[in-house]
Structure formats: structure tokens, C-alpha cells
Amino acid sequence: MASAEPRAQRPEVEARGAGPGRRPATARERRTDVLVALGTFVVGLGLMLGLPPLDAADPDPSGPVSHYPAVAGTAWTVLSIGLLAQSAVLLAARRAPRATLVVVAAIPVLVAVLAPRAYDLFGLTVLPVVVAVVLAALRVPLARLWPALTGASALVVVGSAVVWAATTGGFRASFMQGLTGSIGQGVLQAVGAVGLPLLVCLVVLSRREVRAARTAEASAVDREQDALVDAAVSRERAAMARELHDIAAHHLSGIALMSAVIDRQIDTEPERAHEGVRQVREQSTAVLEDLRRLVGLLRDDSPTGRAVETIAGVVDLVERSRFRTDVHLVVRPADDADRGSRPLGDGVGPLAQLAAYRTVQEALANAALHAPGARCTVTIDDRAADHLEVRVANGPSSVPAMGSTPAGGNGLRGMRERAELVGAGLQVGPTDDGGWTVVLTLGREAHPTSDTVADGPAVAR
């Protein structure tokens, strides 16, 4: 059985054999490389065998006469071995594409030297060069491939020039004329063998990059939309959590307090216990009604409407809270000779009035929970022209508190979030006598009164 150490070292050896930064080729990739090399040789050999009969079957008397090497002759054999060698070198194109391109382009030079009589079939050696250019261009960036392309082009020019010069005798008449003709013939061959395949590969790569960029852009847009949806859902969940907390904390804390009182009164004061049970029923009905309204807001197909709580609704809120604690309401409306009387909360937006209502609701719930039996005062000061102030203050507790809930702190956090949402000022904290106070200051929207317009300067209309 093989030891664990050789098995552990084998991937490292394979990785080193694959070159730095390259992973070992998979079985599928190796099969692809073999098929490419075999296909190149088969196509080249087929053309070597098929071109002479086709040319003989349809001769062109106006064109030059072709002299193909005899099948299995020396020139033909050297050319076929050269094609076989070029195709075999293509097997290394995945590991070393640049070296493969140079070697594939160098083999025709050797063929041209050994078998110049294979001139009419020598152009078939360009086929493996074209395949090598395509494989290299698809796997190596152009910035690192251009030295290999230059070398391959030069080798193609040399091979074609050698065959042309040896076959046509271009150097016999004039050396310069022969040099010019052979180089021109080689350059044309290099353009067809290297330049055109490279151009096609660059077009294919550019289109592939464009598709990849569009796919990445579409993915980025989808991720951005998902992020926006998640943010919107998070905001809605936070708003729902605040609403549920305000509703539950206000009513359920009162129910808990009244249940504790009923437990003490049920034997000694049955009449007051019955009254407490009726209050518990009223509070339970109220919390169910508020939850039903909240669900109606969340359901798109619900025809149930809901009246938005306002500053004026604080009066009813305080009235309902008197069943569980000693609450007093003080309203200081605006009523003077300069501005005249106006509705309570005039100039305060609906969202700000809802924030004020929820703040009073939460403050009363906290007072009932943490300071049971304490006197609580709700003050609505509407006298200032630029703001409205809501104050909820309670004294120290006269009986032991029931303690905090596991979710303690959410009420104050909800107050601050609502105040920040509407741009209001919020101050909370203990008082000197051991109580607690909550002060919410709401700014008014600019509404010019009829008196201001009449007394002010005339405005052109």
C-alpha cells in the first residue's frame, strides 16, 4: 500500500509540472488537447492526399502548373513528418502556449531546408501555426504574447522565403530582387498565418468581455435592487415593531397592573374587583382593536380605514389611562389678542402629531409599569408661535414596582427614533423628587395668518 506521504506530495508535484500559477489539466481538458492536435494532423494529411487529385481533375490551363511531390516520396515524407511534429507540439499549448507557438512556427523552417521541392504543399504547414496562434491568444493576454507573435511571424517569413527562393531561383538574377521577392512572399504568408487569426481572436475576446461586463452590470443592478428591497423591508419591520411595542406596552402593562390589584381585592373587596375585571375587559378590547387597525394597514386588500392619532387624541388617551393610574391633563391653548384662538396642534404636521401621541402613550405605560400609584401629569403647551411642547411627568412610586420587562429600553429607543424622524426635540430623565419626566418639543410649519398679511406690507400679485 502506498504511504500517505507520497500521496500528499503528488498534488504539489503536479502543480509544479503545470507551471507557476497554473492548475493541473483535467481529464476533459487533456482529451480536448488531444482532439485538437489529432484533428490538425488529420486535416493537414487529408489535404496533402486530396489536393493533387483535385487539381488534376480540374486543371487550369491559364494558371501556373503545379508540381506536387510524389506520395511517400522524400519531400512528401518530410512534409508529413513536419505536420506530425507540429501537431504533437500542440499538445503542450495549454501549459506553455507561447513556447508552443514559436516551436510550431520553427518546424516549417526545417522542412523548407530539408524538402524545398514540397513547395506546392508547403502552405499546409501554416495550418498548425494558425491553431497555435488561436490557442495562445485565447489563453495569454496580448501584452505578454506579442514577443511570441513577433518570433512566430519572423519564422514564417523565413520558412516561406527559403522555399520560394529555392524553388523559383529568385536569387540567380539579382540578390536584391530575390531578397525582396522572398521577403514579400513570406510577409504575405505571415499575415495569413498569424495576423488574421489573431485579429479574429481579438474580436471574439472583445465580444466575450462585453458579454461578461453586461452580465456583471446586470448582477450589480440586481444586487442593488435586492439591497434596496432589504433596506425597505428593514425600515418597515422597524416601524411595525415600534407600533406593536407602543400598542402592547400601553394596554398590556395596564392589564397586568389591574390583574395584580384584582388578585388582592377579590376576597376583601369583591365590588372593586368586579370593577377591575370590567376595566381589564375594556383594555383587552382596546388592544385587540388597535391590533386589528394595524393589520388593516398592512393588508393591501383590507377596506378598513384608520384614523391617525393627533394631539387632540391625547385627551381620550389620558381619559382611558385613568382606569389604571392617577393621570391629570393640563392643556394650555393659544388664546391671546395678537394671534387669536386656533385649533390644538395647529401647524404641526400629521406625522409629528402621531409621534407626540405615541410618546405620551409610551410615557404613560412606563409610568404605570415603573411607578405604580404615582401621580402623573400630561401637559400640552400650545401657546408658543413656533413650537408645541408635550410634557409627561410622574412622581415617585407609592407602591413597589413590578420590575422591567425582558425587552426593557425599547420604549425610550422608540421615542428617540420617532423624534428624530420628525425633527423634534426629546428630553427624558429623572426628577429631583425621584420621579420621571418626558418632554417632546415639536416645531410648527410656516403658515402666515390673515392678520399678518393684513398688517404687513403689500405684496404684488
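Values in this document were obtained by computation on a predicted structure and should not be read as measured data.
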Would you mind reporting whether Leu198 and Leu142 have side-chain heavy atoms less than 4.5 Å apart?
-> yes
Between CG of Leu79 and OG1 of Thr125, what distance do you get to the nearest 0.5 Å?
-> 7.0 Å
Does Ser160 reach the main-chain N or O of Val157 with its side chain, forming a donor-acceptor pair under 3.5 Å?
-> no
Hey, could you give me the CZ/CD distance between Arg214 and Glu209, rounded to the nearest 0.5 Å?
-> 13.0 Å
Using a 4.5 Å cut-off on heavy atoms from C-beta on, say whether the side chain of Thr310 contacts that of Tyr357.
-> no
Using a strict cut-off of less than 4.0 Å between a Lys/Arg side-chain nitrogen and an Asp/Glu carboxylate oxygen, indicate whether Arg444 and Asp386 qualify as a salt bridge.
-> no
4.5 Å side-chain heavy-atom contact, Cys201 and Val133 = no
Backbone N/O of Arg95 and side chain of Arg139: donor-acceptor pair under 3.5 Å | no
Going through the checks in order, is the side-chain contact (heavy atoms from CB on, under 4.5 Å) test met by Leu442 and His387?
-> CA-CA 5 Å; Leu442 302 170; His387 69 274; over 6 Å; no
Quick one: does Trp76's side chain have a donor or acceptor within less than 3.5 Å of a partner on Gly73's backbone?
-> no
Validation row: Met48, Leu83 side chains within 4.5 angstrom (heavy atoms) = yes
Between Glu389 and Arg391, is there a side-chain N and carboxylate O pair less than 4.0 Å apart?
-> yes
Evaluate the side-chain contact (heavy atoms from CB on, under 4.5 Å) criterion for residues Leu205 and Arg208: first the C-alpha distance (whole Å), next the side-chain angles of each, then the deciding distance (0.1 Å), finally the verdict.
-> CA-CA 5 Å; Leu205 290 175; Arg208 182 186 299 177; 3.9 Å; yes
Can you tell if the side chain of Val360 reaches within under 4.5 Å of the side chain of Val390, non-hydrogen atoms only?
-> yes
Val43 vs Phe41, side-chain contact (heavy atoms from CB on, under 4.5 Å): CA-CA, chis, key distance, verdict | CA-CA 5 Å; Val43 171; Phe41 177 70; over 6 Å; no
Which atoms form the tightest heavy-atom contact between Val104 and Gln86, and what is the distance?
-> O-NE2, 2.8 Å
Within a strict 4.5 Å, meaning less than it, do heavy atoms of the Gln225 and Val221 side chains meet?
-> yes
Minimal non-hydrogen separation, Ala371 against Asn394, with atom names = CB-ND2, 3.6 Å
Going from CZ on Arg418 to CD on Glu362, what distance comes out if it is rounded to the nearest 0.5 angstrom?
-> 9.0 Å
Taking every heavy atom of Thr431 against every heavy atom of Gly435, the minimum-distance pair comes out as OG1-N, 2.9 Å
Hey, does the side chain of Glu29 reach the backbone of Thr26 with a donor-acceptor pair shorter than 3.5 angstrom?
-> yes
Side chain proximity check, Thr100 to Leu135, heavy atoms < 4.5 angstrom = no
Do the side chains of Leu127 and Thr40 get nearer than 4.5 Å, heavy atoms only?
-> yes
Leu155 side, atom CG; Thr150 side, atom OG1 - distance, nearest 0.5 Å = 11.0 Å
Shortest non-hydrogen separation from Leu90 to Ala37 and the atoms involved = CB-CB, 4.3 Å
Of all heavy-atom pairs between Thr359 and Met415, which one has the smallest distance, and what is that distance?
-> O-CE, 3.8 Å
At what distance, to the nearest 0.5 angstrom, does CD1 of Ile311 lie from CG of Asp382?
-> 8.0 Å
Roughly how far, to the nearest 0.5 Å, is CG of Leu149 from CG of Leu101?
-> 6.0 Å
Evaluate the criterion side-chain contact (heavy atoms from CB on, under 4.5 Å) for residue pair Ser87 and Leu38; output intermediate values, then yes/no.
-> CA-CA 7 Å; Ser87 302; Leu38 183 60; over 6 Å; no
So, for Thr441 and Ala424, which heavy atoms are closest and what is the spacing to 0.1 Å?
-> O-CB, 3.2 Å
